[in-house]
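In what follows, residues are counted from 1 in the order of the sequence shown. In listed order, ligands and their atoms are each counted from 1. These values consider heavy atoms only, across backbone and side chains, with no hydrogens, waters or symmetry-generated copies.
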Amino acid sequence: MKTATVFDGPLLSRRDALKLSGFVAASAAIPSWAQDLSAPDYRLEIAPVTLDLSPRHRIRTLAYNGQVPGPLLRLKEGKSVTIEVTNRTEAAEVVHWHGLFLPTAVDGSFEEGTPPIAPNASARYTFTPSPSGFRWYHTHTMAMDDLTRAQYGGQHGFLMIEPQQEPGRYDQEFFLALHDWDGHLLASDDGAMNPSYGLSTINGRILGAGEPLRVREGQRIVLHILNSSPTEVHWVALSGHSLQVIALDGNPVPAVKSVPMLRLAPAERVCAVVDMNNPGIWVLGEVRRHIQAAGMGITVEYANQSDRPQWQQPPGLIWNYEQFGAPAGAGAPGADPPSSDARRADAPIVIPLAFESKFRGHGAMEAWTINGKSYPDTSVAPLQAGQRYRLQFINKSVDDHPLHLHRHSFELHSIGAPLRTAPPSAGPASPPNRRGIIKDVLLVDALTQSEVDFTADHPGATLFHCHQQNHMDLGFMMLFHYA
Ligand SMILES: [Cu+2]
């Protein structure tokens, strides 16, 4: 695959570094006069680490500052920040600030033009964080057949962009990252290979091996949950409690709602408030027993309790995005939602994107196409700045895909329409299910179509891809360009 060449690509030249504002490489190739000698606000070092998932499960991986997840970075919306990243590995690295509206030079994608950080070099990312909310940072490299690299490893961390005005206060907040480890390829019925995992964790620990979340009766806590898994969708519940969803992908939802469990596709985030009103020691964990048994869980411990951790198995898997939206159809049927933004009154330009797999032979992972082409041959017409677009995700494959758009967020328009035999784009436009749900990752189920709207208001190359590492590695990626 051509996509593999990013590892072997040209290293950053001095001229490239200097022409990309915001990103300063401080490697030996840069003379001292070009370096910003003031201290950065934060430092991240990417290096090999030995991680004890439990006393019996030790792995070697790559991590930020020797810990998994990496340090929680609390940044202020609208206040410029400089983060220095040092690469102590043997391959080029890049850090993507997922969910932020950043220039291409610092967004953290080679494909958009962010310069690689060469082995044993440092680089500075200087940017102004926006929008506020629960974001995250992670590597944006390729793994291909090596199920220890890129998102398969430990390079992920929490990013909290604090709003300029302080939001609601909670007694405690906890940041939790779901992750799968020890990947190997497993043949599916059709002979194609897919990653499968031996171990699963929350915050890098197997259930029972890490510190519990310590709470008190009467507290109102907020959980900021990230799925940093390379490829797996996860379902989580907190036994004895319901979860009040207040934000999806860090963006407040129009309709706050209590649910028995959460579903998170790779790269998705959910913020949920929990009223601690059921004293005991409980398990917060994966709802599917075999994944919880592989380690995905953490105990929640009320003060002065000494029982064994309790798990209550919910009856089934329940989730839909639309329940968190505002009711649609307040106006005339099929009318565009009212909006104060004049541009939104214009009908969006529809961009159909059809996704299909391509069998590459027994024992190999499938390749992926967008409108019949694999990256880097994927393309659509250039975007016009200021124009409203509707991305039509037509999933013709039998896999679900967590789709991510860089440097922008989108509003869900219609979700999960079953594919008809006729080309879906030829049919009547489906009505919006619910309004006002803003995300940067959307899970599109197998053989369904979903639509999202966004305004092209951040000019520059914009990467769109499936966040499942093996799909992205094998062609499921496209660059939007602005005219
Ligand atoms: Cu995918």
Report summary line: At a cut-off of 2.8 Å, protein N/O/S around the Cu ion (ligand 1) gives His401 ND1, Cys466 SG, His471 ND1

Requested in this report: Could I get the full list of side-chain hydrogen bond (donor to acceptor under 3.5 Å, both in side chains) partners for His234, not counting sequence neighbours?
Outcome: Asp180, Glu286

If you define the side chain from C-beta out and look only at heavy atoms, does anything of [X] sit under 4.5 Å from [Y]?
X: Val233; Y: Arg263; value: yes
X: Ile370; Y: Phe393; value: no
X: Val452; Y: Leu442; value: yes

Query raised in the report: Under the salt bridge (Lys or Arg N to Asp or Glu O under 4.0 Å) rule, what pairs show up with a residue in residues 225-235, not counting sequence neighbours?
Result: none

Report task. Could I get the full list of ring pair (Phe, Tyr, Trp, His ring centres under 6.0 Å) partners for Tyr152, not counting sequence neighbours? Result -> none

